[in-house]
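Here's the structure, in structure tokens; my notes come after.
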Amino acid sequence: MCRVTIENDTYDNATVVKVYSADRHGILLNVVQVLTDLDLSIFKSDIFSDGDWFMDVFHVVDRCGKKVTDEDTLQYIQKSLGYRTKREQSSADLLRRSAGLTFSDHTVVELTGPDRPGLLSEISAVLTRFGCNVNAAEVWTHNLRVACVIYFTDTKTGLPIQSQSRLGHIKEQLIRVVKGDRDEQAARCKIEYATESTHIERRLHQLMYDDRGHEELDSSRNLQDRPNIQIKGNDRGYSMVSIQCKDRPKLLFDIVCTLTDMQYVIHHALINSPGPDTTQDYFIRHENGCTLDTDAEDHLKVCLEAAINRRTTEGLRLELCMNDRVGLLSDVTRVFRENGLSVARADVTTRDDKAVNVFYVIDASGSPVDMKVVEAMRKSIGHATLQVKGLPRQEPELPTSKLFSLFRSSERLIYGLTSMNWRSAAIA
């Protein structure tokens with residue numbers, strides 16, 4: 001049994017979502033997942049579990065920082081969290097799929113391994129070569145490691161690829177590309193028919209956790225940029241996890257996801273994010289009822305810091321929206337690679353035959369992204385097609401000796417994008 005109430009009259013600046021439910025492991029993650037999938041920001045929350053009951057209060061705002069007033073969104077929250085019958089549950093699942101939040105009836109590939117500039121371009125090129133049409137993908141990088149989940153279909157039939165022989169060849173080539181010159185164990189690849197919907201972001205957290213890329217702390221970050229994580233016991237038999245860091249979208253989901261998948265039960269939590277920073281306190285025990293010893297505390301700190309940092313990618317956000325076609329992702333990422341841009345994070349989706357792709361790009365050499373190259377790209381494919389979001393760091397003036405190489409780089413970029421557009425028009 002689950003009861004959901006939504007209040008829009010209590011506060012001037014927030015919508016209040018209250019959830020009362022029978023308690024079970026993972027229910028908090030399910031609630032947070034629904035809210036964050038709708039691009040709602042949770043800036044305050046009181047989470048309480050008493051015996052067999054679970055009570056939650058969330059203060060949320062939309063992506064513009066205002067109350068949630070859209071009736072479809074409010075009904076979606078009610079149906080997704082408050083269903084009681086199988087019919088209502090089926091309806092909620094249908095809504096979730098129609099919103100593009102999960103993908104089924106595809107072949108899905110999961111990859112983890114060492115990251116390097118141009119890797120996404122090489123991966124997408126392999127899939128294109130084997131007749132795969134990428135319909136959705138998400139890529140994360142952290143601590144020189146990469147994890148990605150890619151959904152694709154056969155370019156000829158539009159259906160999942162079920163030939164085990166063909167899938168075996170695809171897997172062999174992908175492993176070879178991802179591992180590079182490393183040992184075979186450096187990369188992992190799993191390909192299967194996606195018969196059930198999977199939450200991509202939760203799966204990426206699991207892949208990076210299993211990859212153990214989080215075991216070494218991110219030494220590239222300044223000390224003041226790192227989250228402050230403290231864990232200590234209390235007199236009521238809980239381990240108290242206190243986190244102070246910069247707030248950002250989906251931070252609560254990333255933390256709750258990590259605690260849940262590490263088999264910790266959150267009995268009580270207080271979330272307060274009044275400004276750019278957030279303070280989050282969790283009172284937890286392991287599923288077996290035990291609190292954390294010193295080794296477990298140290299391990300959890302490392303895992304939580306990794307989960308927090310995975311989405312705090314420094315890079316220029318590029319948003320690409322154009323008619324989808326076979327090989328588009330391969331062409332776009334190839335242009336990035338040929339012009340010295342490396343993809344640090346990517347979110348690739350297809351909506352009504354439109355490719356809606358978001359890339360966070362950095363300069364492969366570690367320098368700031370050259371905005372002259374980006375502007376050449378936008379001029380070639382259309383300013384409305386490629387949007388630049390976020391402000392890059394200020395760039396120093398280029399020495400005269402480098403101007404010629406910049407001109408040649410821009411020339412290659414324009415040629416590559418023009419060729420890409422010509423192929424797109426030819427296919428259309």
Side-chain angles (χ1 to χ4, degrees), residues 2-21 28-48 55-83 91-92 95-102 138 199-202 227 243-257 269-281 308 311-313 316-321 345 347 349 351-352 354 356-358 360 384 387-391:
C2 182
R3 181 162 61 92
V4 179
T5 61
I6 301 176
E7 301 174 1
N8 253 334
D9 300 326
T10 307
Y11 297 96
D12 294 333
N13 62 342
T15 297
V16 179
V17 179
K18 297 180 179 179
V19 181
Y20 306 88
S21 172
L28 174 60
L29 177 59
N30 293 341
V31 174
V32 173
Q33 179 177 302
V34 167
L35 297 176
T36 55
D37 279 344
L38 292 168
D39 284 336
L40 301 181
S41 295
I42 303 169
F43 67 88
K44 187 177 181 181
S45 182
D46 190 350
I47 299 159
F48 184 70
M55 293 167 282
D56 255 7
V57 180
F58 298 97
H59 295 241
V60 303
V61 293
D62 62 18
R63 67 181 67 185
C64 298
K66 300 185 180 299
K67 284 184 180 182
V68 183
T69 57
D70 180 72
E71 285 299 323
D72 289 339
T73 301
L74 296 175
Q75 290 180 16
Y76 177 83
I77 294 172
Q78 286 278 6
K79 289 186 177 182
S80 296
L81 298 179
Y83 58 74
S91 174
L95 275 170
R96 187 175 294 113
R97 285 196 294 271
S98 66
L101 302 176
T102 52
E138 192 148 352
H199 193 271
I200 297 180
E201 294 172 346
R202 183 177 184 182
I243 301 172
Q244 293 179 322
C245 62
K246 294 291 183 183
D247 194 22
R248 61 165 175 78
K250 300 191 176 183
L251 176 64
L252 179 59
F253 169 81
D254 294 336
I255 293 172
V256 173
C257 180
L270 294 170
I271 314 298
N272 190 24
S273 309
D277 298 325
T278 182
T279 299
Q280 305 189 11
D281 295 322
I308 292 169
R311 265 198 245 244
T312 55
T313 304
L316 187 67
R317 179 183 170 113
L318 302 179
E319 297 181 359
L320 179 75
C321 182
R345 189 151 58 93
D347 184 0
T349 57
R351 300 173 188 168
D352 299 326
K354 287 280 187 181
V356 183
N357 301 342
V358 177
Y360 289 85
Q387 297 285 333
V388 180
K389 303 293 183 178
L391 296 175

Distance in Å, [X] [atom1] paired with [Y] [atom2], rounded so as to fall on 0.5 Å steps:
X    : Y    : atom1 : atom2 : value
K389 : L316 : NZ    : CG    : 11.5 Å
S45  : L28  : OG    : CG    : 7.5 Å
S21  : N30  : OG    : CG    : 9.5 Å
I255 : L29  : CD1   : CG    : 12.5 Å
L40  : I77  : CG    : CD1   : 5.5 Å
Q387 : L318 : CD    : CG    : 10.0 Å

Can you list everything that forms a side-chain contact (heavy atoms from CB on, under 4.5 Å) with [X]? Sequence neighbours excluded, please.
X    : value
L74  : I6, N8, V68, E71
E7   : T10, V16, K18
S273 : F43, D247, I271, T278

Between [X] (side chain only) and [Y] (backbone N and O only), is there a donor and an acceptor less than 3.5 Å apart?
X    : Y    : answer
T36  : Q33  : yes
T349 : V356 : yes
R317 : V358 : no

For F253, all residues meeting ring-ring contact (aromatic ring centres under 6.0 Å, His included), sequence neighbours excluded
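ring-ring contact (aromatic ring centres under 6.0 Å, His included) list for F253, sorted by chain: H199.
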
4.5 Å side-chain heavy-atom contact, [X] and [Y]:
X    : Y    : value
L270 : D46  : yes
F58  : V31  : yes
I308 : D254 : no
K246 : T312 : no

With sequence neighbours excluded, what pairs up with D70 under the salt bridge (Lys or Arg N to Asp or Glu O under 4.0 Å) test?
none

For K250, enumerate each residue passing the salt bridge (Lys or Arg N to Asp or Glu O under 4.0 Å) test, keeping only those at least two apart in sequence or located in another chain.
E201

Tell me if the CG atom of D9 is crowded by more than 12 foreign heavy atoms within 6.0 Å.
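It does not: D9 CG has 12 such atoms or fewer within range.
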
For K67, is the NZ atom crowded, meaning more than 12 foreign heavy atoms sit under 6.0 Å from it?
yes

Over all heavy atoms of both residues, which pair between S80 and V34 is shortest? Give the atoms and the distance, please.
CB-CG1, 3.9 Å

